[in-house]
Amino acid sequence: MAENLNVARLLDDIADIYEMKEVRFKPRAYRRAAQTIRSLGEPVEDIRDRGELEGIPGIGRNIAAKIVEYLDTGRIEKHEELKKELPVDIDELTSIEGLGPKKVMKLYQELGIRSLEDLKEAAEEGRIAGIEGFGEKTEKTILENIEFAKNARDRFLLGYAIFESDRLISALGDHCSRLEVAGSLRRKRETVGDIDILAVSEDPGKVMELFVSMEQVQKVIARGKKKSSVRLDSGINVDLRLIEDESYGSALQYFTGSKQHNVHLRTIARKGGMKLSEYGLFKGDKLVAGRNEEEVYRGMGLDWIPPEMREDNGEIELAADGGLPDLVGIEDIRCDLQMHSTWSDGKDTLHDMASRCRELGYEYAVITDHVGEIRVANALDLNRIRKQKKEIARIEDELDFRIIQGVEANIRKDGSLDVEKELMEEAEIVLAAVHSAFRMDRKEMTERLVNAVSSGDLHILAHPLGRKIQERKPIDVDLDRVLEAASDAGTIMEVNAFPERLDLNGYNVKRALDAGVRLSIGTDAHMREHLGYIQLGVSTARRGWATADDIMNTRSEKELLRALGK
DNA sequence: GCCGTTTTCGGCCCGACTGTTTTCAGTCG
């Protein structure tokens, strides 16, 4: 996916240069395109190969041609031209808080500043304060922010941010009449930059005091009556905003985003002779809606849109004619379709895992220990599978709770599984995944997975792209062909709910559903606590617009086994 | 440069904050 970021960076760079040159509207167009490319869930090369670049919202004939040019030649002629006119490292300079394209332009014209190094030098020598539009204070903050930029942290995994935000919400809850997380965390993006919390309270001073003095706060970044920001020990930043009750709904809508979703909504409001902001939906000076999100959407003639869908990918059009899908919810889930026990590489016993499933309100457990030739995972052979079957029967009796015996096998380079037929027949559910040879070329990898999902040997392809967020790139594969083969063979694709995986991701969930493929959600739990990750899997499925019917975990035990042909 | 039940031309989101300005531009989210 590296090319996506490179393409996005170039487009952003073009936007910045146009903005410096005070060209109108082009900056917005390029910036929007860059943002879209950045948030794609698949390699931009794949989309180019399908000839579908033009047609992505925000990407028209010209930008599509520039992307193709970059993928073919590694450069964009127009970009080089613009760069020659303004040989400035805009990306680096605008990453400094408080510096945008206009100021960067001024600095270049007046002082010839091209890089962060130039900037630092000029600021230290006190040459910046003298420029028109700049002053002592600007110079000082530039110096401070150069230091800060060096320490800037990356984004955080959704699973981790949820853990933190849950703690904050329960700490503040008693003093607030309304309290919720907004931002990308509410939309359940796979990573989040920071945590945004909105609150309504009778005693705002007390809530702010409580917020900045919580034990996990490492540093108070800003403190005010309506908004405060802190950094937690974990490095994640949290903003708390106190909102008036009458505009809580519109504020929640506004701060939840996404930006593109909001821009689209405001365009609709405008066309209806209204105005939408964080303070409400207005007709002239009159507040039409604001207290609740539902009213705000309704005021524009739209159904309320689940946060996970708010990416301006067609959800607004569906909401306008009552066609939003009824997304799967945590309450629809009757089981977890991947977990491990001490029989292979899990940390908790089969008994503990199963009883935790029962505590969670599941109707049955599905245990999927490793089998086959994976040595490190203490994989089971046929003999141990038979022994495990006996233990399962014993625990079922003891807990009065059904346990389905599944297995997780390894997909060899040729697409076959590394276990004998006899073992696969013992198991009630066969998951299989790529656990080795991640770096095959695209053609071979595609063949490998097409063979695997077509073989009839496996029911579920687990963590299909093998990626680990911020650690390991997805395998290089033609996912459309794999989905087509899976659809033909009735093979299920997993939405792996482990925080580092979320694989398939929301974008690919939607592609899978469009291809007619059914999905399963599995936490890949290796201890009882991991079973709670199911909510991440459900959120990811929701980001891909999945309904309960699309997800196998919503089936009863009998329905599931029948669907698998058992 | 993109886009379309106000469309193939003429539009293009909103408000707060900051520092610098004496009425506002630039930046940010």
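Sequence lines set the chain letters: A, B, ... in the order given, protein chains first and strands last, and positions in each chain run from 1.
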Inset, instruction - Over 60° means perpendicular and under 30° means parallel, so classify the ring planes of A:Y533 and A:F498, tilted if in between. - result: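 Because their plane-to-plane angle is over 60°, the rings of A:F498 and A:Y533 count as perpendicular.
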Inset, instruction - Specify whether A:Y160 and A:F163 have parallel, tilted or perpendicular ring planes, treating 30° as the upper limit for parallel and 60° as the lower limit for perpendicular. - result: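 Geometry flag for A:F163 against A:Y160: tilted rings.
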Inset, instruction - Taking the side chain as every heavy atom from C-beta outward, state whether A:R467 and A:K473 have any atom pair closer than 4.5 Å. - result: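 Contact flag for A:R467/A:K473 side chains = no.
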Legend entry - Within-4.5 Å side-chain heavy-atom neighbours: A:E315 and A:N313: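 Heavy-atom side-chain distance check passes, below 4.5 Å.
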Inset, instruction - For A:F25 and B:dC12, say yes or no: do the ring centres fall under 5.5 Å of each other while the ring planes differ by less than 30°? - result: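 Given the distance and angle limits, yes, they stack.
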Reckon [X] touches a base, only the sugar-phosphate, or nothing at all at heavy-atom distances under 4.0 Å?
X      : value
A:L265 : nothing
A:R24  : nothing
A:I56  : sugar-phosphate
A:F134 : sugar-phosphate

In whole Å, I'd like the distance from the [atom1] atom of [X] to the [atom2] atom of [N].
X      : N      : atom1 : atom2 : value
A:R31  : B:dC2  : CZ    : P     : 15 Å
A:E144 : B:dT18 : CD    : P     : 14 Å
A:H79  : B:dG1  : NE2   : C1'   : 17 Å
A:R32  : B:dC3  : CZ    : C1'   : 8 Å
A:D239 : B:dA16 : CG    : C1'   : 14 Å
A:L276 : B:dC13 : CG    : P     : 13 Å

Legend entry - Any A:K226 side-chain nitrogen or oxygen under 4.0 Å from OP1 or OP2 of B:dA16: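 For B:dA16, OP1/OP2 do not have a side-chain N/O of A:K226 under 4.0 Å.
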Inset, instruction - Tell me whether the OP1 or OP2 atom of B:dC13 has a side-chain N or O from A:S277 closer than 4.0 Å. - result: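 So the side chain of A:S277 is outside the cut-off, no N or O lying under 4.0 Å from OP1 or OP2 of B:dC13.
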Inset, instruction - By nearest nucleotide on DNA chain B, pick out whichever of A:V263 and A:P57 is the more 5' one. - result: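 Mapping each residue to its closest nucleotide by heavy atoms, the 5'-most match is A:P57.
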Legend entry - Toward the 5' end of DNA chain B, by each residue's nearest nucleotide, A:E139 or A:R28: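 Result: A:R28.
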Legend entry - Rounded distance (nearest 0.5 Å) linking atom OG1 of A:T94 with atom NZ of A:K102: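 Here the rounded value is 13.5 Å.
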Legend entry - Rounded distance [0.5 Å steps], CZ in A:R127 versus CD in A:E121: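 Atom-to-atom, A:R127:CZ and A:E121:CD are 6.0 Å apart.
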Legend entry - Side chains of A:E180 and A:Y248, donor plus acceptor under 3.5 Å: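 Yes, a side-chain donor-acceptor pair sits under 3.5 Å.
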Inset, instruction - Starting at the 5' end of nucleotides 22-29 of chain B, put B wherever the base has a protein heavy atom under 4.0 Å, S where only the sugar-phosphate does, and a dash everywhere else. - result: ----SSSB
Legend entry - Closest to side chain of A:K137, choosing from B:dC14, B:dC13, B:dG19: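 Selected nucleotide: B:dG19.
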Inset, instruction - Side chain of A:Y279 only, please: which of B:dT20, B:dG15, B:dC13 is the nearest? - result: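 Looking only at side-chain atoms, A:Y279 lies closest to B:dG15.
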Inset, instruction - With C1' as the reference atom in both, quote the distance from B:dC13 to B:dC28 in angstrom, rounded to an integer. - result: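 Result for the C1' pair: 14 Å, nearest Å.
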Legend entry - Gap in Å between the two C1' atoms, one belonging to B:dC9 and one to B:dT21, rounded: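 My reading of the C1' atoms in B:dC9 and B:dT21 gives 38 Å.
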Inset, instruction - Would you kindly check if the NZ (Lys) or CZ (Arg) of A:K106 is within the cone defined by 45 degrees around the ring axis of A:F134 and under 6.0 Å from the six-membered ring centre? - result: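 No, a cation-pi geometry is absent between A:K106 and A:F134.
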Legend entry - Members of residues 58-72 of chain A that approach DNA chain B, where some heavy atom sits under 4.0 Å away: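 DNA chain B contact set from residues 58-72 of chain A: A:G58, A:I59, A:G60, A:R61, A:N62, A:I63, A:K66.
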Inset, instruction - Dump the intermediate steps for salt bridge (Lys or Arg N to Asp or Glu O under 4.0 Å) on A:E136 and A:K140, then the final yes or no. - result: CA-CA 6 Å; A:E136 296 288 338; A:K140 189 158 163 281; over 6 Å; no
Legend entry - For A:R50, salt bridge (charged side-chain N to carboxylate O under 4.0 Å, His left out) partners two or more places apart: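 A:R50 satisfies salt bridge (charged side-chain N to carboxylate O under 4.0 Å, His left out) with A:E42, A:E52, A:D480 once adjacent residues are dropped.
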